[in-house]
Asks: 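I have a structure here, written as structure tokens, and I will follow up with some questions on it.
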Amino acid sequence: MADVSHRPGDIAGHPDAPEMRDRYARMLQTRGVAAVEELVILAGIYAAISAWTVHFSATQPALAISNLVVGIALAVLGLCMSMVPERSQDLNFVVLLMGAWLIVAPWVVGSSPDTGTILSNVITGACVCLFSLTAGGLLMTKRRT
């Protein structure tokens, strides 16, 4: 009878072992980028609901709609980028522009914004810009190595 027992443990002799090692290493390199992009998702969700949490939806409906649209777009982009971080370097620029829009939107869209509205948008936009720049920087350093 033939010996069909499987030896546990070592798969070094498997023909796909080097490819599996390389794929696992690439996946681990982009894990930090995916974590930053997940923060973009949270910032997008907050931007979408900020008009109702900071209570400026009744006084500035145009800014509320702007924040809702930009927040949903940020959350969707963050989700897409966290799923495939190695392909998301070009989308980081779009996220950066959306963060900049959140910063200037109270003055462009809003009519005489109050302090809470300004602080909410500026802090959220600055965080989105920071997350985008951080993720882009991490991706650039990973590509160099």
Side-chain angles (χ1 to χ4, degrees), residues 6-145:
H6 298 284
R7 290 183 286 271
D10 190 21
I11 65 163
H14 194 279
D16 293 334
E19 181 183 343
M20 289 188 293
R21 254 187 250 111
D22 292 340
R23 184 175 179 206
Y24 187 69
R26 282 193 313 268
M27 188 260 318
L28 283 179
Q29 285 178 345
T30 58
R31 187 63 208 143
V33 178
V36 173
E37 299 299 355
E38 289 162 1
L39 292 174
V40 171
I41 297 170
L42 292 176
I45 291 170
Y46 175 74
I49 65 170
S50 65
W52 293 272
T53 56
V54 184
H55 303 293
F56 63 87
S57 62
T59 59
Q60 299 186 9
L63 184 60
I65 291 173
S66 171
N67 280 6
L68 179 67
V69 170
V70 171
I72 290 172
L74 278 172
V76 168
L77 281 174
L79 181 65
C80 293
M81 291 188 306
S82 67
M83 291 174 138
V84 189
E86 62 272 1
R87 295 184 185 178
S88 67
Q89 190 165 5
D90 297 335
L91 291 177
N92 279 325
F93 183 69
V94 175
V95 171
L96 181 67
L97 290 177
M98 288 183 170
W101 172 252
L102 281 174
I103 293 172
V104 300
W107 295 282
V108 174
V109 177
S111 57
S112 68
D114 61 346
T115 306
T117 304
I118 293 172
L119 282 177
S120 174
N121 272 37
V122 168
I123 291 172
T124 305
C127 288
V128 168
C129 289
L130 178 68
F131 299 152
S132 173
L133 291 173
T134 303
L138 286 172
L139 281 172
M140 288 175 61
T141 59
K142 299 300 181 190
R143 287 190 179 178
R144 286 186 191 156
T145 59

Asks: Look up atom CZ in Phe56 and atom OG in Ser120, then write down how far apart they are to the nearest 0.5 Å.
Replies: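 Phe56 atom CZ to Ser120 atom OG measures 5.5 Å (nearest 0.5 Å).
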Asks: Enumerate, atom names and distances included, each donor-acceptor pair closer than 3.5 Å involving a side-chain atom of residues 61-72, sequence neighbours excluded.
Replies:
unit_1 : atom_1 : unit_2 : atom_2 : d
Ser66  : OG     : Trp101 : NE1    : 3.0
Asn67  : OD1    : Asn121 : ND2    : 3.3
Asn67  : ND2    : Ser50  : OG     : 3.2
Asn67  : ND2    : Asn121 : OD1    : 2.9

Asks: Starting at CG of Leu42, measure out to SG of Cys127 and round the result to the nearest 0.5 Å.
Replies: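 Here the rounded value is 11.0 Å.
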Asks: Mind checking the CG-CG spacing from Leu79 to Leu74? Nearest 0.5 Å is all I need.
Replies: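 Reported to 0.5 Å precision, the distance equals 12.5 Å.
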Asks: Identify the residue among Leu133, Leu138, Asn92 that makes a side-chain contact (heavy atoms from CB on, under 4.5 Å) with Val36.
Replies: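 Between Val36 and the candidates, side-chain contact (heavy atoms from CB on, under 4.5 Å) is satisfied uniquely by Leu138.
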Asks: In chain order, what residues pass the side-chain hydrogen bond (donor to acceptor under 3.5 Å, both in side chains) check against Thr124, with sequence neighbours excluded?
Replies: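 With sequence neighbours excluded, Thr124 shows a side-chain hydrogen bond (donor to acceptor under 3.5 Å, both in side chains) to no residue whatsoever.
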Asks: Is there side-chain contact between Ile41 and Met81, with heavy atoms separated by less than 4.5 Å?
Replies: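 Contact flag for Ile41/Met81 side chains = no.
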Asks: Can you give the donor-acceptor pairs under 3.5 Å from side chains of residues 104-115 to other protein atoms, not counting sequence neighbours?
Replies:
unit_1 : atom_1 : unit_2 : atom_2 : d
Asp114 : OD1    : Thr117 : N      : 3.3
Asp114 : OD1    : Thr117 : OG1    : 2.4

Asks: Could you give me the CA-CA distance, side-chain angles and deciding distance for Leu39 and Val128, then say whether side chain to side chain contact (heavy atoms under 4.5 Å, CB included) is met?
Replies: CA-CA 8 Å; Leu39 292 174; Val128 168; over 6 Å; no
Asks: For the side chain of Ser82 and the backbone of Gly78, is there at least one donor-acceptor N/O pair under 3.5 Å apart?
Replies: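 Answer holds: yes.
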Asks: Look up atom CE in Met83 and atom CD in Glu38, then write down how far apart they are to the nearest 0.5 Å.
Replies: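 Going from CE on Met83 over to CD on Glu38, the span is 10.5 Å.
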Asks: Please determine whether side chain to side chain contact (heavy atoms under 4.5 Å, CB included) holds for the pair Met98 and Leu77, giving the CA-CA distance in whole Å, both sets of side-chain angles, and the decisive distance to 0.1 Å.
Replies: CA-CA 11 Å; Met98 288 183 170; Leu77 281 174; 4.0 Å; yes
